[in-house]
Amino acid sequence: MGEYNHTIDTKGRLIIPSKFREKLGDNFVVTKGLDGCLLIYDNDEWTLFEEKLKDLPTSQKAARQFVRFFLAGATEAEVDKQGRILIPGNLREFAALDKDVVLVGVGKKIEIWDKVRYEASATDEDIEEISEQMLQLGYGI
């Protein structure tokens with residue numbers, strides 16, 4: 001959990017906050033996420049996620065597209081001595097990562113957002129409506 005503001009340099013390197021590095025280790029997976037962000041999974045969570053994707057029915061086009069979305073964009077990331085990872089160009093382009101980014105801990109994964117996109121992603125007013133929708137799905141707080 002937590003929210004951290006950082007910058008990505010011109011070579012595509014991003015510092016991973018030490019709190020996250022402690023949980024992730026030196027190697028983990030970065031892939032495309034929903035809503036235009038990137039996702040970071042530690043290796044154990046990635047394996048579980050990948051197994052769920054493999055269980056989807058490949059006879060259904062939507063399932064194949066869903067699996068392709070996450071797996072084709074996935075890359076292994078390795079933390080350098082300065083605590084940075086290299087975000088490949090295709091993933092930076094997908095998430096519109098240019099300079100200012102926000103890393104957000106959300107349960108078993110970390111999201112990487114372009115700061116402007118993150119700030120526009122949900123307002124306090126949206127949360128009220130989303131909360132009501134979650135309640136209808138049986139996930140009220």
Should the heavy atoms of other residues, nucleotides or ligands under 6.0 Å from CG of Asp98 be counted, would the total exceed 12?
-> no
Shortest non-hydrogen contact between Leu39 and Lys109, atoms and distance | CD2-CD, 3.9 Å
Look at atom CD of Glu76 and say whether more than 12 heavy atoms of other residues, nucleotides or ligands are closer to it than 6.0 Å.
-> no
Kindly assign one of parallel, tilted or perpendicular to the pair Tyr41 and Phe49, based on the angle between their ring planes and the thresholds 30° and 60°.
-> parallel
Test Ile87 against Leu38 for side chain to side chain contact (heavy atoms under 4.5 Å, CB included), laying out the working first.
-> CA-CA 10 Å; Ile87 308 282; Leu38 300 180; 3.8 Å; yes
Can you tell me how far the CZ atom of Phe28 sits from the CG atom of Asp44, to the nearest 0.5 Å?
-> 14.0 Å
Can you measure from CD1 (Ile16) to NZ (Lys23) and round to the nearest 0.5 angstrom?
-> 15.5 Å
Non-hydrogen atoms of Gly33 and Phe94 that approach each other most closely | O-CZ, 3.4 Å
Kindly give the heavy-atom pair with the smallest separation between Gln82 and Ile15, and that separation in Å.
-> O-CG1, 4.4 Å
With no hydrogens and no angle check, do the side chains of Tyr118 and Glu111 hold a donor and an acceptor under 3.5 Å apart?
-> no
Same cluster or not: are Leu53 and Phe69 linked, directly or through other Ile, Leu, Val, Met, Phe, Trp or Tyr residues, by side-chain heavy atoms under 4.5 angstrom apart?
-> yes
Nearest heavy-atom pair of Ala96 and Arg117: which atoms, and what distance?
-> CB-NH2, 3.7 Å
